[in-house]
Structure formats: structure tokens, C-alpha cells
Amino acid sequence: MRTQLKQLGFGYDWDRELATCDPDYYRWEQWLFTRLMEKGLVYRSQATVNWDPIDQTVLANEQVIDGKGWRSGAPVEKREIQQWFVRITDYAQELLDALDGLDGWPEQVRTMQRNWIGRSEGVEMRFGIEGSDETLEIYTTRPDTLMGVTYVAVAAEHPLARRAAEDQPALAAFIEECRKGGTSEAEIETMEKKGHPLGLNALHPVTGEAVPIFAANFVLMGYGTGAVMAVPAHDERDFHFAHKYGIPIRPVIVPEDWKDLAMEVTSADGTPAESRPVVAVLGDASRVPLDWSHWDARFEQKGVLINSGPFSTLTSADAFESIATWLTEHEKGRKRVNFRLRDWGVSRQRYWGCPIPVVNGPDGGLRPETDLPVRLPESVVVDGSGSPLKKMPSFSDLPGGEIRETDTFDTFFESSWYYARYCSADCDTAMLDERARYWLPVDQYVGGIEHAILHLLYARFFHKLMRDEGLVGCDEPFARLLTQGMVVAETWYREDPDGRKQWINPAEVETERDEKGRLVRAWLTADGLPVTFGGIEKMSKSKNNGVDPQVLTERYGADTVRLYTMFTSPPEQSLEWNDEGVEGAFRFLKRLWWLATTEAQTIRGAGDPPVSDLDEAAGEARREIHGVLKKARFDYERQQFNTVVSGCMTLVNVLYKLDPDSPARGSILREGLAIVLRLLAPIAPHITHHLWRELGFGEDILGSTWPEVDADALVQSMIDYVVQVNGKLRDSVKVPADADRASIEAAALASENARRFIGDATVRKVIVVPNKLVNIVAN
RNA sequence: GCCCGGGUGGCGAAACUGGUAGACGCAAGGGACUUAAAAUCCCUCGACUUCGGUCAUGCGGGUUCGAGUCCCGCCCCGGGCACCA
């Protein structure tokens, strides 16, 4: 890979090369971790993982396919194990607030991070439990719907549910059922929502009303308090759950403009409107009824409270405050800010990775390892079940009955600070030294959009941890961010007899397609036997659908590969790789080469183009050249490199078409090539460097100055105006550049086609867009 | 399911804040040069057309003198969803 990067001409400083698996690197993140332990920023807690009961190993979410282990095929179970966590939630507010200042970042990424952190303002409160002194703590962002609570749901593994299950076999079976399946949010959110009553009631904090408690498979113990209040009338999931289990639906909110009617009904007899159209209750047939027999997105909207006792007639916003105050005064709850963001679980039960530098004492105590680095053993037995380190006493067993932690860090730990280590790559006395303060933040960070949330959030967090250790001087790691689109490619696979997928590289697959491009059949080149299409996905090692640029580099050279890659689409956009167009990039560089070398003598002997007395065609050529330059500079600034390349192609086309008899030809060639070589230098450095010298412009193109636009060259004496009639293109007219509005209008109205299309109609209005068009509105 | 993007010719794409849709390329077709091929150069290239035009930027509505661009509602594709990294 190093050879390939060098061949492609990337200007890296190889003295700063580092490998995150090197103990000289990872010892410093071990050191930081021990500092965080001392500061109380790490803790150990139970967390749920995917467990493969056959292979006896923890599975990554990616390794759970349709609820089964990817290797064993066994149904995956949830299992609680001790894990290390870093308190990223302590930094949630800062991570959120600082996004506003990251104006060099794409708004898209900032939005994703804001949503991920998910700050919400709500109320936490306690429900009593009938016949018990215990309480259930819940959090809601919609306290205005509190009076519509008709049940409460807890996680299947909630202690209350476990205890209730002791003498209820059906409930115990349900809890067992909930253990099946993976832990990913996508899986939990898309599975069928199920529940089972505990046979216990919760007591409403305001009314004291008893509502049933259910164990539910969509409530997770690890997130929040493991319990939620449910308002079927105003939450879609609760609504469907209530229908399924015959739980009452009690509407407590109606649209705000129904306020007067709402007051009528609540003051009339106080009869709950359960399951009856609210309009019928309100007695106004002219309104569109809200019928609670089917879900309607309007139910979730805020409005005015009804059926809510003392809070009826309040708006949702006022009710939020009133209910929060009521709960606070009665010591049953309070307002609270909540974050969706959860603490960072950094433990992995795998061999690869940096060992977590902690020692378990014989008395159960924990201490940070002081003798760093804790090296990852290099010779281990990998038997496919569990972590090899756990079965390696030479690693884990320490004198005095102490046992070393055998979990390793999440590999995001390594990728969260490598950018900073580049500044101090050779420092062996500290994680970072004063050079990191000098260089950071990174001016321009480039990475795939798939890292928009996790990697970029962890790196921002890590940076703040290092800042608080005094290691870096700034608050954020990356001043500007460019998120590349994915390079996606087809995936192909074959299944083993036991159902495992073997991924095959697209380069080894041949296909036959019908005239509409649909796949007819596909086979492996090597054996001619069929392979299965697995969809188009981002290139990855696990799906074996990467493309090796080496073949193209050998055939066309580094500059062609670089140019084509830049030309084929803008960097943010995802791209289905296809090298069919690479010939065009190669052809362009050959044209550039041919022009420069055959005209070298002319160019070397030419001077600057005369500014005033150019013939018309030469003036037009200069206008085009400087027009391209102006746009290319703009496109470089907005990082749209594909149009920089097409601009350069246009510029070379202009130079090819110069009138061979024009006296200005030599000087325009000279000016044009001097511009195009510098515009292309960052993209195709090798050829431009050579031609720059060849044409006598200088020794090193990288040391030259950026070309400047000649504003005089852009001046036009006549301007083409498009003439539209009723918004449709009908004609165009040439107008002197200094013409006033009236004469532009007159010219447009006088044009032949405009007159034809206006016909007998009356001209109502004429719109003039300066330097662009005239639209005549007539009817 | 939720969050973020995207959908424009046969293909990759362009169109700066609403103002000539398809720049620049690829592929294809025709021609020149050549014994021939490669390379190179020139021309054509969204659809339909009565050759006046008409239609066309995923689908259906809307705002506007004017919509690929703005608004509302859908469909499809990609990325992420905390243990792929």
C-alpha cells in the first residue's frame, strides 16, 4: 500500500508514519485511560451483547444475520456482561454546542451529530407501585400527555419483571423469549412489538389511578431507566400496542384551534372521550373528526389539553410547565434535560486491539496498570470461541493473585487520536508534545461519510479529553471537513453447504445482461459456476468488493488515474466504480502533451498577449480562457474538482482551435498553457511539472504562484440576451453591454420570434434579468 | 422503524444565490488519413415532430412572469443506527 501511495504521487511526510497497533503508539492511549480512571471518567457496568451459544463468543452486530450467528447459524441471544465505559455523556452539552462553531463542516454532518446527541427537555417522574413501597422512575418529553397514560412498560430484564416472573411461568417464558435476537437499534425498532402484563399496577403520580404494567420487548434496560409511560392516544407505538392488548386509549390533546370546543366538553360533564371521535364528543360536525379507532399522524401533534382534570384547556406548552411544577411541588418529579447519547462502551472480548490497562485485585478491587505499555501477546491460540487472552494465564495471571483485564479497546479508540500523534510521532516521553499545540487543529480533514457520526464524534470527544489533560490547545480537532461519498461496488457471493457466505471480488465475476441492463446470469471466471448478486454496497474488506488501482496505474500512469478519479464525480457524491471513462482522461493528457511539446518553440519565444489590439477571435479566446480560470478557482474553493478538470479540458480545446494565422496565437498559447498547467498541477503533478520546465516557465511548478484572472479579458462589448415569451425560450438578441433597461426591453420586443409569439396578445409585463434574459408576459 | 443524503440522455455528470436543462467526458453512429490496424482529426448524438414546434430533470400536487433548484405528499436507491471501521 505504501508503494502504491508513493506511485500515485501523494505528498505525505513518511517520517511521521505510524501504526496504531504498535505498542509505542497504543501505550499512550493506555496512559490516557489510566488518567481518566483517576478522574472518574471511566466506569465498569453491565451491558448487553450478542451471544452465540454454539461458538460461545460475543458477536458484533454485523455478525448477526437475521437473528443468527454468521458462522454457527445458531439463534443469537442477548447476554449481560461487565464492560468498561467512558463518560462521553459528561461532554454531551459541549459536543453539541461546539457544532455551531464548526462552520468548516458540512451542515449534513452537523445535523446528524446533533440528532445523535439528541438533547431533549422533559420531565422525570415516579409512578408508585400498587401494594408496594417501590417506585418506577420514568422520563418523558411529553408531560402534556401525562393524563392520557393508560399503562406503563418496563424492559423484560427489569428487576420488577424478573421478580414478578418467579411465580408466573407465562411471564417467565415471555422474558426468555425477549432474550432472543440481536441488540442493534435497527433490529429492535423493526421487530414486532410484544408485551406481557406483570399482573402489577403502577399508580399515576397525579391521579393515583392504577394502570397495568407490561414487560415489553422494545424497552431496553440499558437505556434510560428501563421503564416508560405509555400514552396510546398520542404515540404511534403505544397506540398499536394498546390495540393489540386491549388497553384503553384516552385522548387528552386536540388541535389548538379547537380550544373553545375543548373547554365546552371538559366543563360539560367530564365524561372521558375514550375511543370516540372527539368531534362527536365536542358536538361540531363541521370539523374533520379525530377518530381514535385508527392511527392518525395528527394525534402526535401538540395542542390543547382535554380530559386532563386541572390541566384541561391549557396548551401543550403551558401544560408542560404546569405539570412539571405540580410534580416538583408534590415531590414526585422534576424537569430534566436528557440526551440520547449513551456512554461509550470500549470493551471488546477479542484478541486484536490494545489491552485495557487495568488489574483486578484478589479482593475484587481494580487498579490502573502503571507499568505501560501492556503489550498484546503476539503468539496466541485462536480457536474461534471467545477471546484467546482469557485462556492465556501467561498474560492474565499476575503475582499476588491479581488478574489482568483481558478485554481490549474498541478499535475506535486508536482511530480517535492518530491525527494528533502525527504531530509528535517520534515523541517517546509523552502522548503528545508542544508540536501538537503548534500544528493542531487539522486544517482539512477528509474522510468517508460513513464516519459522519461515530468516528467523528469519538475523535471530537478524545480531543477534548486530551485538551483537559493539557496536551492540545484547541477545543476541536478538525477545522474543515470534507466527507467523501462512498465508492460503492457490486457484491457477489456463494454459500457454503452450511449457509455461510463467501464473498467474491467483482473482478473475478463475469455477467450477462439483457438489453435493459438487467442481470441474466453471473459466474465466477475461474470455474464458470454461478454466483449470487448481493447488492451494491460500500467497498469493504468484509464484502470483498474493493478495486485495486494498481492495474490502472500500470497501464495509464498515476496522473491519468488521479485525473480520472477527480473528473468522474464530485467528492461528496457516492460513486459506483467503473473505469470505462478512463480512456477520456488519458486522451486529454495526451492532447495536452502533444500541444505543449509541438508548440514548445513558439511558446518559449512568445511574449504576453497584447491586451488592446487583439482580433475578435483572439479576444474571444482570451475571454474563454479567463472565464475558465475564474470558474476553476471558484470550483477549487468549493472543492468541486470534477468541474475544475472539465474546465481544463475546455481550455485546451480553445487552444487547439486558435486561428493558426492569428498573430496573437503564440502569446495566447503561452498564456493559456501557463494557466492550465498550474490549474492541473494539484491533480496531475507529474506531467505538469515536466511541461512547466519544458516550456521554460520555471524549475518547479509547485513553487509558482497561482494564476490570476485578468478582469479586462472578461469584458464584453455586446451581451447575448435570451428572449422568453411567457417563460418559454423564443429568441436571443445582442445588446450593447452598457444598454439601459428600456433599450434592452425594446430590443427584445422587436425581435422577430418574440413578435411572432406575442401575436395579438397584449404585453402585460416585461421582466429583465441583467446580463441574462428578458421575459415578456403577454396574454 | 428512526436520522442524513441522492434520483437529470445509453453511461459518469454540469447547471454559482429560482432565469437558455444536458457544459465536459465515455459509449455509439458516420466520415477523413492509412495497404490495414492502432493512434489522431472532423461531424452527429434526450424523445416525438406535420420541421412551425411540442414534451422532457423519480411520481403526484402547489407557489412563481419563470422551478432540476422553493413548498406539500409519495416511490426507489445509498450511508448511519452505538460490537464492521
Side-chain angles (χ1 to χ4, degrees), chain A residues 47 49-50 58-64 83 88 106-109 111-116 118 182-191 193 218 236-237 340-350 410-412 414-415 448-455 457-458 483 485-486 488 515 517 535-538 540-543 564 567-570 572-576 578-585 587-588 590-591 594 631 634-635 638 640 642-643 645-650 653 656 720-730 732 756 764-767 769 772-778:
Chain A
V49 294
N50 305 304
V58 176
L59 295 177
N61 284 334
E62 198 197 34
Q63 297 168 324
V64 179
Q83 305 257 54
I88 191 172
E107 194 52 53
Q108 169 199 0
V109 174
T111 304
M112 281 192 267
Q113 292 216 348
R114 275 188 201 106
N115 293 340
W116 184 262
T183 59
S184 74
E185 188 186 320
E187 193 170 333
I188 286 156
E189 287 295 320
T190 51
M191 72 189 173
K193 308 295 184 288
F218 55 84
E236 189 170 7
R237 189 177 63 189
R340 202 188 80 99
L341 182 69
R342 309 196 301 259
D343 276 335
W344 183 8
V346 295
S347 292
R348 296 291 180 273
Q349 299 71 43
R350 287 199 277 271
D410 174 7
T411 51
F412 273 128
E414 279 79 67
S415 59
I449 187 66
E450 79 273 28
H451 292 303
I453 293 171
L454 291 182
H455 164 64
L457 192 64
Y458 291 142
T483 44
M486 300 286 84
V488 295
E515 68 281 354
I536 292 171
E537 295 191 50
K538 68 170 174 174
S540 70
K541 283 167 272 184
S542 58
K543 294 289 167 67
Y564 176 63
F567 178 56
T568 194
S569 80
E572 296 89 346
Q573 194 166 312
S574 69
L575 167 73
E576 193 179 336
N578 173 339
D579 55 28
E580 268 181 11
V582 75
E583 282 284 346
R587 208 170 285 155
F588 166 68
K590 282 193 289 186
R591 272 163 66 80
W594 192 87
K631 173 128 197 316
F634 174 67
D635 287 345
R638 60 174 178 153
Q640 189 172 290
N642 56 326
T643 48
V645 175
S646 62
C648 290
M649 288 172 168
T650 306
N653 289 345
Y656 261 85
D720 275 319
Y721 273 84
V722 160
V723 180
Q724 294 182 336
V725 177
N726 293 326
K728 293 198 173 181
L729 173 66
R730 296 303 182 190
S732 71
R756 188 157 62 87
R764 304 282 175 194
K765 199 171 171 185
V766 179
I767 288 143
V769 181
K772 283 237 160 63
L773 62 73
V774 180
N775 187 18
I776 299 160
V777 184

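This structure is a prediction, so every number in the text was calculated from the model and none was measured. Computed from heavy atoms alone, side chains included, the values below leave out hydrogens, waters and symmetry copies. Each chain gets a letter, A, B and so on, in the order its sequence line appears, and its residues count up from 1.
Between the base of B/rC83 and the side chain of A/Gln349 there is a donor-acceptor pair shorter than 3.5 Å. Between the side chain of A/Asn115 and the base of B/rC3 there is no donor-acceptor pair of N/O atoms closer than 3.5 Å. Interface remark: the A/Arg638 side chain does not form any donor-acceptor pair with the B/rC16 base, using a distance-only criterion of under 3.5 Å.
Using a 4.0 Å cut-off between charged nitrogen and carboxylate oxygen, A/Glu414 and A/Arg348 do not count as a salt-bridge pair. The existence of a salt bridge linking A/Arg114 and A/Glu107 is confirmed by a sub-4.0 Å separation between a basic side-chain nitrogen and an acidic carboxylate oxygen.
Taking atom C1' on both B/rC76 and B/rG66, the two are 30 Å apart, rounded to the nearest angstrom. Here the separation of B/rA27 from B/rA39, taken at their P atoms, is 10 Å to the nearest Å. B/rG29 and B/rG7 are spaced 29 Å apart, taking the C1' atom of each and rounding to whole Å. Nucleotides B/rC48 and B/rA56 have their C1' atoms positioned 10 Å apart, rounded to a whole Å. B/rC55 and B/rC4 are spaced 37 Å apart, taking the P atom of each and rounding to whole Å.
Phosphate proximity of B/rC41 to A/Arg591: present, with a side-chain N or O under 4.0 Å from OP1 or OP2. One finds a side-chain N or O of A/Arg730 lying less than 4.0 angstrom from the OP1 or OP2 phosphate oxygen of B/rU54. Not one side-chain nitrogen or oxygen of A/Ser415 sits closer than 4.0 Å to the OP1 or OP2 atom of B/rA85. For the OP1/OP2 pair of B/rC55 and a distance below 4.0 Å, the side-chain nitrogens and oxygens of A/Lys728 include at least one atom meeting the criterion. When the side-chain nitrogen and oxygen atoms of A/Asn61 are compared with OP1 and OP2 of B/rA82, one or more of them lie within a distance under 4.0 Å. In this model, the phosphate group of B/rC83 is approached by a side-chain N or O of A/Arg348 to a distance below 4.0 Å at OP1 or OP2. Dashed line: the shortest gap from a side-chain N or O of A/Lys772 to OP1 or OP2 of B/rU20 is not under 4.0 Å. Dashed line: the shortest gap from a side-chain N or O of A/Gln640 to OP1 or OP2 of B/rC24 is not under 4.0 Å. For A/Asn653, a side-chain nitrogen or oxygen approaches OP1 or OP2 of B/rG25 to under 4.0 Å. Of the side-chain N and O atoms in A/Gln573, one or more sit less than 4.0 angstrom from OP1 or OP2 of B/rA13. Contact annotation: A/Arg587 side-chain N/O to B/rA27 OP1/OP2 distance is under 4.0 Å.
Counting to the nearest Å, the P atom of B/rU20 and the CD1 atom of A/Ile767 are 14 Å from each other. For A/Gln108 and B/rG6, the CD to P distance is 7 Å, given to the nearest whole Å. For A/Leu454 and B/rC83, the CG to P distance is 7 Å, given to the nearest whole Å. What separates CD of A/Glu107 from C1' of B/rC4 is a distance of 12 Å, to the nearest Å. Summarising the geometry, the separation between CD on A/Glu450 and P on B/rC4 is reported as 19 Å, rounded to the nearest angstrom. For the pair A/Phe412 CZ and B/rG80 P, the interatomic distance rounds to 10 Å; values are reported in whole Å. Atoms CD (A/Glu583) and C1' (B/rG25) sit 12 Å apart, rounded to a whole Å. Here B/rC11 presents its P atom at 18 Å from CG of A/Asn642, a figure rounded to the nearest Å.
Of the two residues contacting RNA chain B, namely A/Ala585 and A/Ser347, the nearest-nucleotide position lying further toward the 5' end is that of A/Ala585. Both A/Gln724 and A/Thr643 lie near RNA chain B, and the one whose nearest nucleotide falls closer to the 5' end is A/Thr643.
The partner of B/rA14 is absent, by the rule that a Watson-Crick or G-U pair needs both atom distances under 3.5 Å. The partner of B/rG5 is B/rC77, by the rule that a Watson-Crick or G-U pair needs both atom distances under 3.5 Å. Nucleotide B/rU44 forms a pair with B/rA28, judged by Watson-Crick or G-U wobble geometry with both contacts under 3.5 Å. The pairing partner recorded for B/rA85 is none, the criterion being a Watson-Crick or G-U wobble arrangement whose two distances lie under 3.5 angstrom. B/rA56 is unpaired under the criterion used here, namely a Watson-Crick or G-U wobble arrangement in which both key atom distances are under 3.5 Å.
Considering all non-hydrogen atoms of both residues, A/Asp343 and A/Ile88 come closest at OD1-N, 3.1 Å. For A/Ala47 against A/Gln83, the heavy-atom pair with the smallest separation is CB-CG, 3.6 Å. Taking all atoms of both residues into account, the shortest heavy-atom contact from A/Glu187 to A/Gly182 is OE2-N, 2.8 Å.
Although no hydrogens or angles enter the test, the distance criterion places no donor-acceptor pair under 3.5 Å between the side chain of A/Asn642 and the main chain of A/Thr568. Under the 3.5 Å distance criterion, the side-chain polar atoms of A/Tyr656 are matched with a main-chain donor or acceptor of A/Arg591.
Here B/rA82 is the nucleotide among B/rA82, B/rU20, B/rG25 with the atom lying nearest to any side-chain atom of A/Ser184. For A/Asn775, the listed nucleotide lying nearest its side chain is B/rG66; candidates were B/rG66, B/rC4, B/rU40.
Taking the six-membered ring for Trp and thresholds of 30 and 60 degrees, A/Phe412 and A/His451 have ring planes more than 60 degrees apart, a perpendicular arrangement.
Among the protein residues, A/Arg764 comes within range of no part of the nucleic acid, since none of its heavy atoms lies under 4.0 Å from any strand.
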